[in-house]
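Remember, predicted model here, so these are calculated numbers, not experimental data. In each ligand, atom 1 is the first atom listed, and ligand 1 is the first ligand listed.
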Amino acid sequence: MNRPRLIDMHVHMVGNGGGGSGGWLRLSGWHRWLAGFMLRQLNVPASALEGDLESIYAEQLLQLVRGSSMDAIVLLAHERVHDPDGTPRDDLGSMFVPNHVVLDLARKFPEFLAGVSIHPARKDALDELERCLAGGAVLMKCLPNCQNIDPSDRRYRPFWERMAAAGLPLLAHTGGEHTVPIVNAALADPKLLRFPLECGVTVIAAHCGTSSGVFDHDYFDDWAAMLREFPNFYGDISALVSLNRCGHLRDCLRPEIAPRILHGSDFPVPVLGHRLWLQGWIDRAAFKRCQAIRNPLERDWQLKRALGFSEEIATRPARLLRLEEGGSRAPSRDVSRAASPPSR
Ligand SMILES: [Zn+2]
């Protein structure tokens, strides 16, 4: 298909391995309750948690994309927790969605773009990266604080340099997190992303370093300061239309910040616009109109538009993601890359 124009670049693939993917989902307590809540937004019964969740979820999600303003979404795999020496820690973490799940879905449906997930300490990290590049990955996603990844670890230089050479952006979770268990809270700090940035990787800080709960550290100002230093640094406003994470949403409209903002919903994380209205950021009519939209992808988009975000937050991802030629990857603003013939 033609290159997608409007892209939601932060949507989670969810699965339990029920269809034989090799993935798994382990939920207890609050996380189990939250998963049930998230599935209900998809009109998926909670019993799907015991069935072939991948297939049910992907089918429902496809309908949501087709019923929204978006041309495509980046569908994110979810890596396992590893020790810094590369040992997988399946005793930690709540979910594993292997990369082939999102790569296969992206091959089948033009509405899906593959966001792969690789712990750079893995013994086979570089081989997996090559497999994912060959398979059409558009970005690499990780959650440093949940997957135990210190992006500043100097041993990861070859991994970051290969990503930079391939034009594969890094989407890294920053700030607190409440939907996936935390392994090392200190790794939520966007300042740890200096190293991949210095290696030449285009880095997108998911959630712009904002806090998820009252006890989390708020890294928003650190993130914003780094934008001045690194032209290859961005932030996504995924999960910011919410009750807990919306504090800095309007700051992202500031003229020095807005050109670095990308649209993501963080689906299936719930979209709740109540605080935008209660704080007087949008009027009651806009709130009621948006909150009545049943499709959560579209509700998130329309609430952001009502707040004053331009359409560019959803057209900008197409310039940054590794979209295949012909296909054709858009001319990058990175002159050095645009001047040389594409390596693919
Ligand atoms: Zn997310």
Side-chain angles (χ1 to χ4, degrees), residues 7-15 23 25 27 30-31 34-35 37-39 41-42 57-58 61 64-65 70 72-81 93-97 99 101-102 112-119 137-149 151 169-183 185 187-188 190 193 203-213 216 219-220 223 234-246 248-249 252 261-272 296-297 299-301 304 313-314 317 321:
I7 299 176
D8 174 342
M9 45 67 66
H10 190 141
V11 173
H12 291 274
M13 181 59 196
V14 172
L25 183 67
L27 298 165
W30 149 252
H31 291 111
L34 192 64
F37 180 87
M38 291 175 178
L39 287 176
Q41 312 182 79
L42 269 170
Y57 182 89
L61 185 55
L64 289 182
V65 181
M70 294 298 124
I73 59 165
V74 178
L75 191 56
L76 304 170
H78 192 93
E79 174 65 293
R80 296 177 293 171
V81 182
S94 59
M95 182 166 81
F96 174 42
V97 178
N99 292 324
V101 172
V102 295
F112 293 153
L113 305 170
V116 297
S117 187
I118 306 167
H119 196 304
V138 302
L139 64 73
M140 200 288 269
K141 166 76 192 295
C142 67
L143 292 90
N145 55 338
C146 302
Q147 291 161 340
N148 199 28
I149 298 170
L170 169 64
L171 170 61
H173 178 96
T174 54
E177 169 64 41
H178 279 151
T179 49
V180 176
I182 303 285
V183 175
L187 299 178
L193 298 169
V203 179
I204 304 155
H207 325 301
C208 305
T210 55
S211 59
S212 170
D216 292 336
Y219 296 102
F220 181 82
W223 167 78
Y234 295 82
D236 83 25
I237 47 172
S238 66
L240 264 58
V241 178
S242 64
L243 302 180
N244 55 325
R245 222 189 250 280
C246 70
H248 285 294
L249 192 49
C252 295
I261 295 296
L262 306 176
H263 168 59
S265 59
D266 210 7
F267 185 84
V269 171
V271 179
L272 298 166
L297 297 177
R299 190 189 319 141
D300 181 68
W301 173 242
K304 286 168 180 166
I313 61 171
L321 300 174

A.B. asks: For His12, what is the atom name of its N, O or S atom nearest to the Zn ion (ligand 1)?
C.D. replies: NE2

A.B. asks: Specify whether an N/O/S atom of His173 falls short of 2.8 Å from the Zn ion (ligand 1).
C.D. replies: no

A.B. asks: Please determine which of Leu262, Leu171, Val11, Asp266 meets the side chain to side chain contact (heavy atoms under 4.5 Å, CB included) test together with Ser238.
C.D. replies: Asp266

A.B. asks: With heavy-atom distances below 4.5 Å as the criterion, would you say the side chains of Leu249 and Val241 are in contact?
C.D. replies: yes

A.B. asks: Answer yes or no for His207: is there an N/O/S atom below the 2.8 Å cut-off from the Zn ion (ligand 1)?
C.D. replies: no

A.B. asks: When the ring planes of His207 and His10 are compared, do they come out parallel, tilted or perpendicular, using 30° and 60° as the limits?
C.D. replies: tilted

A.B. asks: Mind listing the closest non-hydrogen atom pair of Val97 and Ala77 along with its distance?
C.D. replies: O-CB, 3.4 Å

A.B. asks: Which of the N/O/S atoms in Asp266 sits closest to the Zn ion (ligand 1)?
C.D. replies: OD1

